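The block underneath contains the structure these notes are about, expressed in structure tokens.
All figures in this text were calculated on a predicted structure; none of them were measured in a lab. Every chain is numbered from 1, with letters handed out A, B, ... down the list of sequences. Worth knowing before you read on, the calculation uses all heavy atoms, side chains too, and leaves out hydrogens, waters and symmetry mates.
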Amino acid sequence: MGVLTLNNVTYKYEGTKKYVLNGVDASFEAGKVYTIVGKSGSGKSSLLSLIAGLDICTGGTILHGDHDIKNLNRDEYRAKGIGVVFQSFNLLTNSSAIENIVLSMNISESKEVDKKAFAYALLEKVGIDRETADRKILKLSGGEQQRVGIARAISHNPEIVIADEPTGNLDSATEEEILNIFSALAHDEGKCVIIVTHSKKVTTIADVIYGMSDGKMAQMKKRD
Amino acid sequence: MYIFQNALKNLVRNLGRNIMIGAIIFAIILTTVITLIINNTASAVIDDYKGRFGSEVYIRPNMEKVRDEAMKNSKDGRVMMRMPQISSELYLQFTNSEYLRESILTGSRGANNSDIHAIDQDDNSEANGNSGLSASSGGMMQAMRLDGGNFQLLGDSWQDFNDGLRSFESGTFPQNDNECVISTELRDANNIKIGDHLTFTAKVDIDTPIDLDTSGLSEGDTVEVNGTEYNVSISAMETVRLDRDVTYELEVVGVYDDLTDEYANENMTKAAFLNKRNEVLTTLPTLLAARKSDETGIRINATYYLKEPDMISDFEAQARAMGLPDTFDVETDAASYDNVVKPVLGLKNISITFMIAVMVMGAIILLLLCSISIRERKYEIGVLRAMGMKKFKVALGLWTEILTITCICLVIGLGLGVTAAQPVSDAILKSQVSAAQASAPQVPGGMMVAGKGGPMTSMGPGGFMSGGASQAQPLSEMKITLGLNTILELILISILLASFAGLVSISKITKYEPIRILMERN
């Protein structure tokens, strides 16, 4: 069984009749990079919100291990079970990079004794040096913010890391570096990495590619 | 713990916004501090004055009722007003009232002693056993020692010792009944030593029984009433009086130095019975022991203090039931109370009104400001919630921020408020005193009254029909103090204020799901 399983997942926005997701089935395993591709409005971001525990599906189930996340404490699930990298980073802009990471570790009740040292090490791992780590988020470049976002997503060592258009705002050199980080997370650290993207370049690191269209999802390619 | 740390860091991160919120909270707290301090001090002053003026009972004859009574009983058109009396027994009975917090009873009785010579004693006069009356030129009765004798036997009258006007030269206060204390002048004039026994004689009276046939009685006759023999005396107006002699055998146990003036008024005629050096101090039970319960002649000074000022009606009803005649009014010193308390009450009312107005206005402004502030921080809340922070923890963080701002404002506000409260209070009180003085009714002047030569009833320290303490001056200065209660009230108000502001945050947080906030933002 995968770390995350979607069974006939449907979703529609409150007050609307049209289903954004219409019977999505998928299984995600640890140690692999998954990309979900599709046009704008195909339901990619909605699916990501459901997987991230930010929203609840209208029908079907999303299983984290054996547990339907509908029945889990979703705050707890978001804090400990999953790491999310947002397209627009969603960092606390008036705090420093290091403060963002430490706060995330505190929310997830991390057992690290020296959280600050751990956070510095983590930021260094994603290419943020100590000086940059102490700067306010607003004073960082888009690539640096995305690296901080990734560091935050993995700061509590979740099984699943999901990313919404993680390279959408980045130049190609930075994109390359970011993709390497995601690849290493899956292939070296055994995490299940799910990336929602419309970038073909991102799919190059994918082990499995899902395509989305009109609320339905289908596997497109699987790397051997 | 990290919630609090993060909240404190946020105070600095959002400095401009927090300074704005802090300024509003500071204004509210400063006003609250000033008004609350003034209000609580004013309340304490009012309570104090209530205790001092409002709870002291005055039992005074109502001269209008006395006149009406006299006119009703007149058969030939001539009106003879007779000062109504309260028997000493009744005064003692009043002390048993459950409505009284305290009763202070003293007694006095004119007496003679043939073995010793009183200061200023005129052996040629008819002072012995005669009545006397002294009145000042102002028309106010100063002394009414109408009960005869060169000496005054005073029971439990130790106030001059408490006031430092009298002190012991030798000996002590009477420890037992039938002991007395005399002045150094009286001792020196008569070579009296401690341990000597002095024998005083005095008269006690009884009301002429209604069923006693007085038609055949003449001066010097004796009649028996309730098993006791009384001498008959007939006044110029042909009123029959019955009295008898009683004896006090007192042992001298102390001698006092007296700093008081010998005479209450320098215009007074010098007479032994008015000279304070002839006062012989003993216990009230000693003084009362010689008389029977239905006899009068021992003048009682009674001061009663109610437990609560509003118990006056209950006390009056009880006193009436015990036998207090309708010709007496029972009242508290309402005029003094109003005179002193009204400006303070005005000050208190102004401060409360101002405090309520500022709190309501401040709360509305704070509500708006917090609402705007939370809208600005909506994104931050969305991020925290997306990271998995629970709603109550987000709310706790925001509440901690506002509470910290409030605490800082409270400390500064307390310091400034205490400093500002005194001048603010002085300014308001000044205007209130002027207003109270302008609207104060004129205090009626004294009234000359004369009674028969027998026993008298005397009321509170205000004096007999003198207007008493109603001449009390309004409070011109109120010393502002910051008590523990005030501090606790301020802390409570501050916490409520912070919580009220925090409610806005909490209601917003519970309203939005993180996905909605982030979607709106993105």
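- Contact between A:Asp75 and B:Lys391 at its shortest, heavy atoms only, is OD2-N, 4.4 Å.
- Counting heavy-atom pairs under 4.5 Å between each of B:Gln5, B:Lys390, B:Met1, B:Lys9 and chain A puts B:Lys390 at the top.
- Judged as a side chain to side chain donor-acceptor pair (under 3.5 Å), and not counting sequence neighbours, A:Thr35 has no contacts.
- Chain B forms the most heavy-atom pairs under 4.5 Å with one residue out of A:Ile82, A:Val102, A:Asn73, A:Asn94, and that residue is A:Asn94.
- In terms of heavy-atom pairs under 4.5 angstrom with chain B, the leader among A:Ser49, A:Ser95, A:Gly53, A:Ala153 is A:Ser95.
- Interface remark: A:Ser45 contributes no atoms to any contact with chain B (heavy atom separation under 4.5 Å).
- For A:Lys70, the NZ atom sits in a packed shell: over 12 heavy atoms of surrounding residues, nucleotides or ligands are nearer than 6.0 Å.
- Surrounding NZ of A:Lys116 are at most 12 heavy atoms belonging to other residues, nucleotides or ligands under 6.0 Å away.
- A heavy-atom distance below 4.5 Å is found between the side chains of A:Asn90 and B:Tyr379.
- Here A:Val113 pairs with nothing under the side chain to side chain contact (heavy atoms under 4.5 Å, CB included) rule; sequence neighbours left out.
- Identified by a heavy-atom distance below 4.5 Å to chain B, contributing residues of residues 126-137 of chain A are lacking entirely.
- Annotation: A:Asp214, atom CG; neighbour count of heavy atoms from other residues, nucleotides and ligands within 6.0 Å does not exceed 12.
- Ranked by heavy-atom pairs under 4.5 Å with chain B, the list A:Ala52, A:Ser104, A:Gly83, A:Ala79 is led by A:Ala79.
- When side chains are defined from C-beta on, B:Leu384 counts as touching A:Leu103, because their heavy atoms get closer than 4.5 Å.
- Scanning all heavy atoms of the two residues, the minimum distance from B:Glu380 to A:Leu92 falls at CG-CD2, 3.6 Å.
- Enclosure of atom CZ in A:Phe118 by more than 12 non-hydrogen atoms of other residues, nucleotides or ligands within 6.0 angstrom is indicated.
- When A:Lys80, A:Glu76, A:His156, A:Arg152 are compared by the number of non-hydrogen pairs under 4.5 Å with chain B, A:Arg152 comes out ahead.
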Can you give me every donor-acceptor pair (side chain of residues 484-493 of chain B, partner residue at least two apart or in another chain, under 3.5 Å) with its distance?
{"from": "B:Thr486", "atom 1": "OG1", "to": "B:Asn40", "atom 2": "ND2", "distance (Å)": "2.9"}
{"from": "B:Glu489", "atom 1": "OE1", "to": "B:Asn40", "atom 2": "ND2", "distance (Å)": "2.9"}

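- Using a 4.5 Å cut-off between heavy atoms, A:Glu99 touches chain B through its side chain atoms alone.
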